[in-house]
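Working notes, beginning with the structure itself.
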Amino acid sequence: MSFREDGHAAVDWAARYLEGVGALPVLAQVEPGELRSQLPPEPPERGEPFQAILDDLDRLIVPATTHWQHPRFFAYFATTGSEPGILAELLIATLNSVGILWRTAPALAELEEHVLGWLARLLGLPAGWHGHIEDTASTATMTALAAARAALPDRRVVVCSEQAHSSVDKAARLLELDLRKAPVDAEFRLRPDLLDLDGACAVVATVGTTSTTSVDPVAETAARKGDVWLHVDAAYAGSSWVCPELRWSAAGVEHADSLVVNAHKWLLAPMDCSCLWTARPQAFRAAFSLVPEYLRTPDDVVSLSEVSFPLGRRFRALKLWAILRCYGREGLQRVIREHVRLAELFEGWVREEPGWELCAPRPLSVVCFRRQGSDEENEAIMERANASGEIFLSHTRLNDRFVLRLAIGNARTTEEDVRRAWEVLRSCAR
Ligand code: PLP
């Protein structure tokens, strides 16, 4: 078979998968080790046709896959690998650009900076910020905190709220910084009046926390921070700023030193694509620039490898470019508004139903709720619902109670899917 024929077969496979994914069980119905027990212990001696891989996708891989592309995936933060993003991944691998320096991949370097500029405009970020792409928000936050540590080398503390994502804890650990957690209010938002920034090089405010999508008061935090570096983790919620009516949660972000928004969460990018902007690119450069002799060139440009940790980078900008062009501002707004509408609808059903309760405000597309009863009962409802294969949702703990979360974020999710989720949950509670 030729590359062209195999390629057509692979795209056919992808199209068929996306058309039919809604009929598959969302959560993989396998036991740990089940896939490995079916794989040959020895690596292949001779090459096989590519078609054999496609056959094994159906036979082995799909049954052992939890389908993040499923319209009834409601766990964690639901995501979408959109069609333009999927096709762009093929083209990215085709070009196989390695962006170590501007001259090794001029298109990659310039498109990355340009598309991050576009996205900054779409999200209403301040003009003049420098943006680049990291793999994940974990890496982006660690990168930002490394820049903060280098900018204020005498201070060894990072401050964030009790509701901040564990990636902040992990970054602090790896950077050998102490982490200080600030208390939150009754709506799970950082309390700036209780912020202790003594000895801090950085404070992290979260816009859209992982448990409840609560929004820390960024403007008040900024007003108290003095010269401490302010990093804003808007990994999930930042994408919603494409809608002007949702920009209230961006208030104060203009005072940030750095900001992360995951395009692979709510902006239709296939994993991975994490956008990191900074108002202080020189501080990033001071922390990260290291150009060995073999990479010296006379080109008058700063390579992206000088503002971040990895030397080589993938051409992720190509998929973001494809998504922004194929959807446009209007298309992105349509997806996000529909998710917020569906979450509001679900929230209303829970509110109206005796025996169920809402557990946190719902600013965006995640609903936190529970059956009135014990933690064990709620956990059992979730496990039964997930085992049904009909839906997949996850949980959190709030005020020391087990709480269910329904996160809407897949572009294929319809009102019918959300209705089905509610039916499944109610029937699992009986
Ligand atoms: N920040 C927040 C608020 C998150 O919810 C998450 C993950 O869900 C992260 C950071 C980490 O994201 P990533 O998986 O891109 O490292």
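We count ligands from 1, going down the list as the structure has it; atoms in each ligand are counted the same way.
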> Is the closest N or O pair between T210 and ligand 1 shorter than 3.5 Å?
Replying inline: yes
> Applying a 4.0 Å heavy-atom criterion (strictly less than), which segment of N262 is in contact with ligand 1: side chain, backbone, both, or neither?
Replying inline: side chain
>> Checking a contact table here: which protein heavy atom is nearest atom 16 (O) of ligand 1, and how many Å away?
In response: S138 OG, 2.5 Å
> Atoms of ligand 1 less than 4.0 Å from S167 heavy atoms?
Replying inline: 10 (C)
> Are any of the heavy atoms in S274 under 4.0 Å away from ligand 1?
Replying inline: no
> Got an N/O contact under 3.5 Å between A137 and ligand 1?
Replying inline: yes
> For ligand 1, which atoms have a heavy atom of F77 less than 4.0 angstrom away?
Replying inline: 5 (O), 8 (O)
>> Could you identify the single nearest non-hydrogen protein atom to atom 14 (O) of ligand 1 and state the distance to 0.1 Å?
In response: K265 NZ, 4.2 Å
> For R247, does the CZ atom sit with more than 12 other heavy atoms under 6.0 Å from it, leaving out its own atoms?
Replying inline: yes
> Do R412 and F73 meet the cation-pi criteria used here (NZ or CZ under 6.0 Å from the six-membered ring centre, within 45° of the axis)?
Replying inline: no
>> Please determine whether a side-chain nitrogen of the Lys or Arg among E176 and R149 lies less than 4.0 Å from a carboxylate oxygen of the Asp or Glu.
In response: no
> If we ignore angles and hydrogens, is there a donor and acceptor under 3.5 Å between the side chains of H132 and E112?
Replying inline: no
> Are R351 and E347 within salt-bridge range, i.e. N to O under 4.0 Å?
Replying inline: yes
>> Can a side-chain donor-acceptor contact be found between S258 and W229 if the only test is distance below 3.5 angstrom?
In response: yes
> Counting only N and O atoms by type, is there a donor-acceptor contact under 3.5 Å from the side chain of S365 to the main-chain atoms of I408?
Replying inline: yes
> Taking distance alone, with no angle check, do T209 and ligand 1 share an N/O pair under 3.5 Å?
Replying inline: no
> Do side-chain atoms of R405 reach the backbone of T210 as a donor and acceptor pair under 3.5 angstrom?
Replying inline: yes
> Of the protein's non-hydrogen atoms, which lies at the shortest distance from atom 11 (C) of ligand 1, and what is that distance?
Replying inline: H165 CE1, 3.4 Å
> Of the backbone atoms (N, CA, C, O) and the side-chain heavy atoms from C-beta on, which set of Y76 has a member under 4.0 Å from an atom of ligand 1: side chain, backbone, both, or neither?
Replying inline: neither
> Identify the closest protein heavy atom to atom 1 (N) of ligand 1: which residue and atom is it, and at what distance?
Replying inline: D233 OD2, 2.6 Å
> Which ligand 1 atoms are under 4.0 Å away from a heavy-atom of G208?
Replying inline: 3 (C)
> Got an N/O contact under 3.5 Å between Y236 and ligand 1?
Replying inline: no
>> If we count only N and O atoms by modelled type, under 3.5 Å, do the side chains of T413 and D417 hold a donor and an acceptor together?
In response: no
